[in-house]
Amino acid sequence: MTDQSGTLTAPAQRPKSGRARGIGPYVRKYGAAGALVLLVVVASLTAENFLEVQNILNVLRQISIVGVLALGMTFVIITAGIDLSVGAMLTVVVVYTANTVQTMGVVPAIAVALVVGAFLGLLNGLGITLGGVQPFVMTLGMMAFAKGIALLYTQGRPIPITNEAFLQFGSGRTLGIPNPALVFLILLIVAWVVLRHSVFGRSVYAVGANEEAARLSGIPVKRVKCAVYVISGVMAGVAGILYASQLGVGTPVAGDGYELDAIAATVVGGTSLFGGLGTVGGTFIGAALLGVLSNLLNLTGVSPYAQNLFSGTLIVAAVMLQRRNSQGR
Amino acid sequence: MTHALVELRGITKQYPGVVALKGVDFDLRAGEVHALAGENGAGKSTLMKVLGGGVAPDAGEIRVGDQLVRLRSPKDALALGISVVHQELVSAPMLSVTENILLGRLPRRGGRVLWAAAHSQARAVLDRLNLDISERTEMSRLSLGQQQLIEIARALVRDTKILVLDEPSAILGQAELEVLYTVVDTLRRQGVGIAYISHRLGEVMSLSDRVTVLKDGVLQDTLLVEDLSEERLVTLMTGRELTAPVRSGIALDAPVLLDVQDLQVKGGRAPINFSVRAGEIVGFAGLVGSGRTEVARAIIGADRAPGRVYIDGDLLNRRNPRSSRRRGLAYLPEDRKDQGLLLHRSIRENIGLASLKTRSRWGLLRSSHDKADTQRHASAVGLKASDLNSNAATLSGGNQQKVMLARWLAASPTVLILDEPTRGIDVGSKSEIYRLMKELTDSGLAVVMISSEIEEILAMSDRVIVMRERRIVAEFAGDEISEEAVTRAAIVSTDQVSPGNPTPETNAPEGLSTIRGVVND
Ligand SMILES: Nc1ncnc2c1ncn2[C@@H]1O[C@H](COP(=O)(O)OP(=O)(O)OP(=O)(O)O)[C@@H](O)[C@H]1O
Ligand SMILES: [Mg+2]
């Protein structure tokens, strides 16, 4: 065979079937789960007490705060938005909760936490929908703003919590499961039902997948967008309660960096930053993956400073894997 | 016999759940138009994507001239002179017409783009296509039909030996079609080999030299057009014969369901006034860009526009798509890709999108009801899908359009505005959909049907409203409706239109005044 135009006229071989498109959806769906299984196997081989029930429950407790934040983040990112303010909102909630629990008791404290979270989330939502501010910018502003509130409120000093009942909630267990883990698991189920089986959930996906199509089909796009930021705020409220009751102190640096962990868990779990794709189950796996990794590194005595290197690598690897497939979507 | 420019042999392509192509042969000679026909999902687009390097076949070989080639990407195909104008448009909406036409080949000197030269090159092609569009316009401001012609223009500026046109005529009106046919003819005479996909059988018969028919991914036959009749073609495609729908006349005393008064469309010179009765289909004819879509969007409130819209006698306040839909007014947009589909969500979610309320209780979806309802509407429009849980993106173009129709039927509207409803739908399904539209109107639905397909306007409309330059220029009913009259009104300037059709204001149907009376009380 004569070959005149170089690469093009190379003898035709059987092209590889489907250009790796075939496995695409599966990697998106099960890639993170596969990685989690792999990591658990590695962990159980390297750290002998890893698979003990106590350690597993411990991991669940450790991921509960990030996990709860990531649930809210999943809603937001599915609409093709982002919420950078969850860490700072958590901080505000923590300091207000600490103060309220000291002065007024547990129930008012919980109410304050949820209301403050919902209110800050609503501000985000209104700024984005009515104000037309980009989610990145709006929530970046909110991040600074909320942090400012917390600093002003505490004057930079930590507020210790001494209420026994409240602290008991954070360290206690129900049916053998640590309370924070239980709260996370319950919210996980609620979020799953909402996203998967409710009108609102379908609307969230539609808005993220094709906003104009959703609008023309009669979906209240602005209301849906606003609502996901309120959800994210409320989740920051819940996470704030978990934080305050576990650590027993309200400091103005409580939530620093949590937004990144929440985004990481969501994205590693397969939610697309372009919107329209993602599941609560994926987010759980993403949070668990990051949690198990850090647990394993702790058990094997790796320096906490070095741990960031591992989680950073994991995040990029996960997203790269998904990007490769999303080309075959 | 002319030598084949390109030859595809035994092309097979499998997707999860479907075999799109089963050992298909196809060849294209210099200076011929080779039409590809077949039902929705038959594999036409897939075969042409294989030829264009966009899809890698699982098996089979491609020869260009005498060379076996392997097309790893569309770039490889372009380098061999193969240009594909896809069924779904792929232009860059934020760039100018010039940039879109000369995509990747803007004239440059020393890194700087020579804009003057670029614009004049683009102008030349636009003139060749007889397109009255400024080359500096932003692409997103053009209508779909205009964008379609721009995509063809892009293929023209390239050194194209093999041109694939995947349903180029689906959204073009009469006048644009003439342009397209002329271009195709010119290219054919220059020795370009043209593969042409279309569901318009008349066009297939008159334009092509040979016809290849696919059915369910299998090659049925390749025939010279002389050896073929339209009926035979239909039988080859569908395996059966078709009957045309019969429209019964509508009752003159039927209530007016949609009444549009003094609607001011952006850039329009005269207000829009018209009404539609229960059981009536009003066809909106006009050239691409004559403002029909703008009117539809203004009616449902997708774009802000002053004016009054009454549904069944009730004024719609502060119109928006949501409130309109709640009042039973639905709009099926013309651009399924940008305004209609959630491509990466399931077919089920797509069909249910405009009727979530009826599928739920207390905000939670009733899963079995949702499934059954989706299934029912999917089969009503003749959707061919292996699994309703797979993504809308995996459907063929015509089947995607059926998903859109199913979505709006599921919303059970009282007034339905359809913008190019049968774009890309095969003849068999089309007659099913016409039958469905007839059933719906017989049960009291009012339909506004915007269509660039004159046959469709003629066959389906009780009344035809013709738009030109963003205003209503003529209206025909009953026996006045003829291809000649409609086409003339769409092209010729207003004062030359036949005397029976003065300005829209004085031509208002009788029902209007009564409705106005009711509303004003
Ligand atoms: N990316 C994909 N993933 C899965 N299935 C696909 C994909 N692309 C096409 N198919 C399937 O392959 C079959 C052939 O599709 P194709 O687009 O070639 O049809 P077509 O003949 O062009 O139809 P139409 O007239 O509706 O445009 C269909 O069943 C379609 O669902
Ligand atoms: Mg097609």
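Remember, predicted model here, so these are calculated numbers, not experimental data. Here is the naming used below: chain letters follow the sequence lines, and residue numbers restart at 1 for every chain.
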Between B:R326, B:R297, B:R359, which residue shows the highest count of heavy-atom pairs closer than 4.5 Å to chain A? B:R297

Under a 4.5 Å heavy-atom cutoff, which of B:G301, B:G363, B:A354 has the most pairs with chain A? B:G363

How many angstroms lie between atom CZ of A:R202 and atom CG of B:N350, to the nearest 0.5 angstrom? 9.5 Å

Pairwise distance NE2(B:H344) to OH(A:Y205) - rounded to 0.5 angstrom: 15.0 Å

Would you check, one step at a time, whether the test side-chain contact (heavy atoms from CB on, under 4.5 Å) holds for B:L356 with A:I219? CA-CA 9 Å; B:L356 288 173; A:I219 302 292; 3.8 Å; yes

Evaluate side-chain contact (heavy atoms from CB on, under 4.5 Å) for A:V199 paired with B:R361, printing each intermediate quantity in order. CA-CA 9 Å; A:V199 170; B:R361 190 180 293 139; over 6 Å; no

Under 4.5 Å from any heavy atom of chain A - which part of [X]:
{"X": "B:R63", "value": "neither"}
{"X": "B:W362", "value": "neither"}
{"X": "B:R325", "value": "side chain"}
{"X": "B:D66", "value": "neither"}

For B:R9, is the CZ atom crowded, meaning more than 12 foreign heavy atoms sit under 6.0 Å from it? yes

Can you confirm whether more than 12 heavy atoms, excluding those of B:K337, are under 6.0 Å from its NZ atom? yes

In a check of side chain to side chain contact (heavy atoms under 4.5 Å, CB included) between B:Q339 and each of A:E212, A:E211, A:R215, which one passes? A:E212

What do the steps show when you test B:R407 against A:S217 for side-chain contact (heavy atoms from CB on, under 4.5 Å), and what is the final call? CA-CA 9 Å; B:R407 176 193 298 169; A:S217 300; 3.1 Å; yes

Minimum-distance pair of heavy atoms, taken over all atoms of B:G340 and A:A213: O-CB, 3.2 Å

Looking only at heavy atoms, which two atoms of A:S198 and B:L365 are closest? And how far apart? O-CD1, 3.8 Å

Side-chain donor or acceptor of A:N210 paired with backbone N/O of B:L341 under 3.5 Å: yes

Any donor and acceptor pair, going by atom type alone, linking the side chain of B:R345 with main-chain N or O of A:A209 inside 3.5 Å? no

Using side-chain contact (heavy atoms from CB on, under 4.5 Å), reason through A:L216 and B:L332 one step at a time and then give a plain yes or no. CA-CA 8 Å; A:L216 289 177; B:L332 178 139; over 6 Å; no

Can you find a pair of side-chain heavy atoms, one from A:H197 and one from B:R366, that are under 4.5 Å apart? no

